[in-house]
Amino acid sequence: MDKHLGSVQISPHEQYFLRMQRNKEKKSMEKMEESNQCKRKLRVCVATCNRADYSKLAPIMSGIKSHPEDFELEVVVLGSHLIDDYGNTFRMIEQDDFDIGSKLHTIVRGEDEAAMVESVGLALVKLPDVIQRLKPDILVVHGDRFDALALATAAALMNIRILHLEGGEVSGTIDDSIRHAISKLAHYHACCTRMAEQHLIAMCEDHSRILLAGCPSYDKLLLPHHREDYMDIIKSWLGDKVQEGDYIVALQHPVTTDIQHSIKIYGLMLDALISFNKKTLILFPNIDAGSKEMVRVMRRKGIEQHPNFRAVKHIPFEQFIQLVSHAGCMIGNSSCGVREAGAFGTPVINLGTRQTGRETGENVLHVRDADTHNKIYHALELQFGKRYPCSKIYGDGNAVPRILKFLRSIDLDEPLQKTFCFPPVKDPISQDIDHILETQSALAVDLGGTNLRVAIVCMRGTIVKKYSQPNPKTFEARMELILKMCNDAMRDAVGLNCRILGVGVSTGGRVNPQDGVVLHSTKLIQEWSSVDLRTPISDALHLPVWVDNDGNCAALAERKFGHGKGVENFVTVITGTGIGGGIIHHNELVHGSTFCAAELGHIMVSLEGPECMCGSRGCIEAYASGMALQREAKKLHDEDLLKVEGMDMKLSEPITAAHLINAAKMGNSKADAVLTKAATALGVGIINILHIVNPSQVILSGVLASCYQAPVQHVISQRALFSVQNIKVVTSDLEEPALLGAASMVLDYATRRIY
């Protein structure tokens, strides 16, 4: 019996497997201990360029330093930290007990655009030696300064991973471009707001490498900010007589994309502060181009000697946040105003465009067009002394723990080459000789009352091949025939070297072209209401599909291939079995709110006229359509008044509108009277159109167009307003307007390019 198992009886076979299990567990523990011993610390280099970015980086540096078992911290200092005029702020880093591994003098003085460029170049010359010596696993870079761009560029080219803080945010000036450029170079991102996270995703950055951390400075800001010695801090900077909430903090930087205007705003701000007559702590601007001129403006106005002002180059961050939190107001264009001040509810006046696009709390009053002293003074009157709720837009006080956890999760064995998450796009068409020689074409479908027609139409409007079948009476048979004819045409298109771009469908009735649905059909096409044409055709052929009313298609055909080419406003009227048409206004087809525009056949020209197929009376269609003329021809024939001498007419032949027209031409006064009445009705209807939409041209299309052109022009010249009497009525030269219009929908939209 095994002594470890008490009185439980274990067979030799079971004892063997238990010993094997214990050995396996022992080896697993030894392997884990060995792995932990082999796991090396993450070597993190934090590079800081100025007093502003150090306030965000210092909490992270403290967090890294407090976990020596996981991280090795290297600190690189460059930029304005090492310039006396800007406070030699590297000393506060040393006072915070951080060992500075490298100090790089990278600023070329001049404070203009050229000096900024030269400073980036100088940093790029000096950084490689430092990076090679430190050999960091990851470089932490903050924000949007030109120095940071040099850091990110050097690290990326030297295959060092980059963690970028505060990417994805939006503001004014060149900072936006620099910030986004650093984001594209960075491998990892720690952003502050949900909107910034969405911006980074929209920029095709890998979502798995984006951490929504919040702003690290908020980890300090959201701690109880009423230090016991806060009044001592206020008095040390502003004098013994100043009271809490009775002073202003001013911090204005140059806008590098509009330096002269930003200098003007700075002068107006100083004038307003002088007039407002409150104690003001004003900080020198940063080192961007234009700062030297701003300092000159400050000195010309005697700010450094003015009893109400205290001008300083630098304030330690811990003391600065106490001064901001207890100020009556903060004014300027510093990001501190729109970000950190919100944590205290301090009222802020944001001047100019430098922070345009930043997310702000209700404590910020924007004066973007700060063009007068009075406007800024009025803003001071509105904001000074107010108090607002604490804003947590930029953080909740837990950014540093999140960032440290994120750093621990970085796998140094994964590929260094960053990848971008581009949205899916269609594969580009290869530009081989066969594609270039192909004729771009459309499949056009025309659903008439009698026939169903399909055609291959090329870009020039030439019908390459046409197919025609009787239109079935049922919905199922009709759809089956449409798909069969389209598939036949697609196969033939290959042999004809035609590349089909899409399918255009012309059909009678009221159509919703946006959804590709026939809403209501004419009585000539049965079972054709509430029919989705687009979906089944598109699914079967794998092509885009456009659908519209046959009258609208006729207008589109004229716009692309006919008399309407180059004409901005015109009307097409179809004169066939029925009367229809389309209106082109400002080069676009008019559909109307319920897709009922251009039902020209149902314009009423008489209150007591003949009954129309729509159910009303006195419509143009009831007078001038082919069916109306056929009706009148039958009446004359029944009364034996149609036939005239010399007219060839067989007894078994059905009576049509053509018989009426021939009889009129051969001198039949009764037939001529019917045609005159029809032409007059059509002319009056077209006059109504001219008076409503005032087109520059009327195009008559269809089998009756030539018969009506001259009399309609005469009616217009006699009855229309003088201003439209000279508008020309022309007959269409197009043989297949419905097919060509259906094709034009495809050829115009499928080949359109958006720049």
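In this text the structure is predicted, and so the values were computed from the model without any measurement. Below, each value reflects all heavy atoms present in this structure, side chains not excepted, and no hydrogens, waters or symmetry copies.
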[X] (side chain) donor-acceptor with [Y] (main chain) under 3.5 angstrom:
X: K405; Y: R402; value: no
X: S183; Y: R179; value: yes
X: T106; Y: G79; value: yes
X: S119; Y: V108; value: yes
X: K65; Y: L73; value: no
X: D229; Y: D232; value: no
X: D96; Y: F98; value: no
X: T346; Y: V324; value: yes
X: H187; Y: I162; value: yes
X: K220; Y: E318; value: no

For S391 and E362: C-alpha separation, side-chain torsions, deciding distance, then whether side-chain hydrogen bond (donor to acceptor under 3.5 Å, both in side chains) applies. CA-CA 8 Å; S391 168; E362 59 181 296; over 6 Å; no

Evaluate the side-chain proximity of [Y] to [X]: yes if any heavy-atom separation is below 4.5 Å, no if none is.
X: P347; Y: N363; answer: no
X: V367; Y: N350; answer: no
X: F146; Y: C49; answer: no
X: P254; Y: M294; answer: yes
X: F344; Y: I321; answer: yes
X: E244; Y: Y230; answer: yes
X: V76; Y: V46; answer: no
X: V348; Y: C329; answer: no

Identify whether the distance between the nearest side-chain nitrogen and carboxylate oxygen of [X] and [Y] falls below 4.0 Å.
X: D70; Y: R408; value: yes
X: R43; Y: E74; value: yes
X: E94; Y: R91; value: no
X: R339; Y: E359; value: no
X: E72; Y: K135; value: no
X: R358; Y: E169; value: yes
X: R40; Y: D137; value: yes

Check the surroundings of atom [atom1] in [X]: do more than 12 heavy atoms from other residues, nucleotides or ligands lie under 6.0 Å from it?
X: M203; atom1: CE; value: yes
X: K264; atom1: NZ; value: no
X: R387; atom1: CZ; value: yes
X: D84; atom1: CG; value: yes
X: K126; atom1: NZ; value: yes

How about [X] and [Y]: does a side-chain donor come under 3.5 Å of a side-chain acceptor?
X: S80; Y: N50; result: no
X: H81; Y: T89; result: yes
X: S102; Y: R133; result: yes

List the atom of [X], the atom of [Y], and the distance in Å for their closest heavy-atom pair.
X: H199; Y: G168; value: ND1-O, 2.7 Å
X: A399; Y: D219; value: N-OD1, 3.0 Å
X: V75; Y: D99; value: CB-O, 3.6 Å
X: H326; Y: Y247; value: C-OH, 3.3 Å
X: A343; Y: C390; value: O-SG, 3.2 Å
X: L139; Y: A47; value: CD1-CB, 4.1 Å

Validation row, ring centre H164 to ring centre Y188 under 6.0 Å: no

Return the [atom1] to [atom2] distance between [X] and [Y], rounded to the nearest 0.5 Å.
X: L151; Y: I160; atom1: CG; atom2: CD1; result: 12.5 Å
X: M269; Y: I248; atom1: CE; atom2: CD1; result: 10.0 Å
X: L238; Y: L323; atom1: CG; atom2: CG; result: 6.5 Å
X: Q252; Y: F284; atom1: CD; atom2: CZ; result: 14.5 Å
X: L200; Y: C421; atom1: CG; atom2: SG; result: 11.5 Å
X: R368; Y: I265; atom1: CZ; atom2: CD1; result: 12.0 Å

side-chain hydrogen bond (donor to acceptor under 3.5 Å, both in side chains) for T48 and D53? Distances and angles first, verdict last. CA-CA 6 Å; T48 173; D53 77 14; 2.5 Å; yes

Can you label the angle between the F422 ring and the F420 ring as parallel, tilted or perpendicular, going by 30° and 60°? tilted

Starting from the C-alpha separation in whole Å, work towards a yes-or-no answer on side chain to side chain contact (heavy atoms under 4.5 Å, CB included) for D85 and V295. CA-CA 11 Å; D85 287 350; V295 172; over 6 Å; no

Set out, in order, the CA-CA distance, both residues' side-chain angles and the distance that settles side chain to side chain contact (heavy atoms under 4.5 Å, CB included) for M231 and I234, then state yes or no. CA-CA 5 Å; M231 279 307 302; I234 293 171; 3.9 Å; yes

Check the pair I93 / V77 against side chain to side chain contact (heavy atoms under 4.5 Å, CB included), numbers first and verdict last. CA-CA 9 Å; I93 302 172; V77 172; 3.7 Å; yes

Candidate pair K56 and C215, rule side chain to side chain contact (heavy atoms under 4.5 Å, CB included), full reasoning: CA-CA 7 Å; K56 317 293 176 65; C215 182; 3.7 Å; yes

Axial cation check for Y218 ring with K392, 6.0 Å and 45° limits: no

Can N333 and H253 be said to form a side-chain hydrogen bond (donor to acceptor under 3.5 Å, both in side chains), step by step? CA-CA 6 Å; N333 64 2; H253 300 303; 5.3 Å; no

